[in-house]
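One structure below.
Per chain, numbering begins at 1; letters A, B, ... match sequence-line order. A quick note: this is a predicted structure, and the numbers were derived from the prediction, not measured.
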There are 2 protein chains.
Amino acid sequence: MAIDKELLKGTTSTLVLQLLSRKKMYGYEIIQEFEILSGGLFSFKEGTLYPVLHALETKGYVKPEWVGAKGSRQRKYYLITKSGRNQLKSKKAEWQRFTSTIEKIFFGKEALNEING
Amino acid sequence: MAIDKELLKGTTSTLVLQLLSRKKMYGYEIIQEFEILSGGLFSFKEGTLYPVLHALETKGYVKPEWVGAKGSRQRKYYLITKSGRNQLKSKKAEWQRFTSTIEKIFFGKEALNEING
DNA sequence: TTTAATACCTCGCTATACTATGTATCGTGC
DNA sequence: GCACGATACATAGTATAGCGAGGTATTAAA
């Protein structure tokens, strides 16, 4: 298995990193944004997202930043790190290798993004 | 989650059905064929494939057929059923919806197979 | 005859995503 | 003022996929 087998199970962490690569966001905001971006096709549940964010933090890919006036609602914003950007780039490349291969098997042709890209 | 969440975890069953849609095959042969088709990018382990084949059989998507002269090596060939072909078609469509969405998020464009296909 | 490849199988482990639940703040309507 | 839904964080328990490790047996090659 030259490709990370985890890719088979999910792209959750990579999707989260992708969103954070554009702007810092807080958990609840990420959940809503995915709902919109996917056109309702899929959504992240809280029980999925928060542990993922904590795991990304542990690995040093994101850094949290509490924002909010004292005594008011606190929002935990996450910022992607340099290491996180490297990880994102690597995982997206892996995604393309994986999907290219699946497309070839499913539809009997080279992946279009290799022909055209 | 309008899309089957299982897709996030794996495309294994669908890949197996895809191979069986072309010709009947036996387990060990499927493992070797995937190794070749994926160019060594990934492979199915026996601990994964055999349970998958049994699950597909339980669902009625494939039917087993023992082949081999009496007293000689027996090979358990699997044949895809009509129901299995319907499932395959449905799952491949689901795969395309899913990857289109991910591509859009990752690379900020409509999936190429929608633009060109 | 020993070894590697072929060919089938199952048990237990790990990791992911989900459900359910808990806590607390904020905005709106009455 | 307060009830209620939306916002915002979090964790515990559950289900399941894929894998590692092990088992059995046949066949071919050294």
Side-chain angles (χ1 to χ4, degrees), chain A residues 1-17 24-36 38 41-59 62 64-78 91 95 98 102, chain B residues 1-17 24-36 38 41-59 62 64-78 91 95 98 102:
Chain A
M1 190 74 84
I3 194 172
D4 185 350
K5 73 191 173 195
E6 294 312 307
L7 189 63
L8 297 165
K9 290 191 203 164
T11 53
T12 312
S13 298
T14 309
L15 284 168
V16 171
L17 282 179
K24 66 176 176 183
M25 296 176 77
Y26 58 96
Y28 201 82
E29 187 184 13
I30 291 173
I31 289 171
Q32 292 177 311
E33 192 122 334
F34 268 120
E35 190 74 32
I36 294 166
S38 77
L41 194 62
F42 61 86
S43 60
F44 288 142
K45 307 304 178 297
E46 300 193 344
T48 300
L49 184 68
Y50 289 115
V52 161
L53 285 170
H54 300 157
L56 289 173
E57 183 185 347
T58 299
K59 288 172 185 163
V62 301
E65 185 185 88
W66 282 103
V67 174
K70 204 181 282 183
S72 73
R73 183 190 292 280
Q74 300 287 304
R75 283 170 173 166
K76 198 174 182 181
Y77 280 85
Y78 284 92
K91 283 291 175 182
W95 160 268
F98 176 66
I102 302 296
Chain B
M1 190 72 87
I3 195 172
D4 185 350
K5 73 190 174 197
E6 294 310 306
L7 190 62
L8 296 165
K9 291 191 203 164
T11 52
T12 312
S13 298
T14 309
L15 284 168
V16 171
L17 282 180
K24 66 176 176 182
M25 296 177 77
Y26 57 95
Y28 201 82
E29 187 184 13
I30 291 173
I31 289 171
Q32 291 177 310
E33 192 123 333
F34 269 120
E35 191 74 33
I36 294 166
S38 78
L41 194 62
F42 62 86
S43 58
F44 288 142
K45 307 303 179 296
E46 299 194 347
T48 300
L49 183 69
Y50 290 114
V52 162
L53 285 170
H54 301 156
L56 289 174
E57 183 186 346
T58 299
K59 288 172 185 162
V62 302
E65 182 185 271
W66 282 103
V67 174
K70 205 181 280 184
S72 73
R73 181 190 294 281
Q74 300 288 304
R75 284 170 173 166
K76 198 175 183 179
Y77 280 84
Y78 284 91
K91 283 292 175 181
W95 160 267
F98 176 67
I102 302 296

Quiz prompt | Residues in salt bridge (charged side-chain N to carboxylate O under 4.0 Å, His left out) contact with B:Glu65, at least two apart in sequence or another chain | solution = B:Lys24
Quiz item: Atom NZ of B:Lys45 to atom P of D:dC19: distance rounded to whole Å?
Solution: 5 Å
Exercise. Taking side-chain contact (heavy atoms from CB on, under 4.5 Å) as the test, write out the residues that go with A:Pro51, two or more places apart.
Key: none
Quiz item: Starting at CG of B:Leu49 and ending at P of C:dT10, how long is that distance when rounded to a whole Å?
Solution: 12 Å
Quiz prompt | Rounded interatomic separation in angstrom, taking CZ from A:Arg73 and P from D:dG5 | solution = 16 Å
Quiz item: Who are the ring pair (Phe, Tyr, Trp, His ring centres under 6.0 Å) partners of B:Tyr50, not counting sequence neighbours?
Solution: none
Quiz item: Taking all non-hydrogen atoms of both residues, which atom of A:Leu53 and which atom of A:Val62 are closest, and how far apart?
Solution: O-CG2, 4.0 Å
Practice problem: Tell me, please, which residues at least two apart from A:Glu33 pass side-chain contact (heavy atoms from CB on, under 4.5 Å). | Solution: A:Leu19, A:Lys23, A:Met25, A:Leu37
Each nucleotide N or O in nucleotides 9-11 of chain D that has a protein N or O under 3.5 Å away: list the pair and distance.
residue, atom, partner, partner atom, Å
D:dC9, OP1, A:Lys76, N, 3.0
D:dC9, OP2, A:Gly27, N, 3.3
D:dC9, OP2, A:Tyr28, N, 2.6
D:dC9, OP2, A:Tyr50, OH, 3.0
D:dC9, N4, A:Glu46, OE1, 2.6
D:dA10, OP1, A:Lys76, NZ, 2.7
D:dA10, OP2, A:His54, NE2, 3.1
D:dA10, N6, A:Glu46, OE1, 3.2
D:dT11, OP2, A:His54, ND1, 3.3

Self-check item: Between D:dA6 (P) and A:Ile31 (CD1): distance, integer Å
Solution: 15 Å
Quiz item: Quick one: is C:dA17 close enough that its OP1 or OP2 comes under 4.0 Å of any side-chain N or O from A:Thr12?
Solution: yes
Exercise. For A:Glu46, enumerate each residue passing the side chain to side chain donor-acceptor pair (under 3.5 Å) test, keeping only those at least two apart in sequence or located in another chain.
Key: none
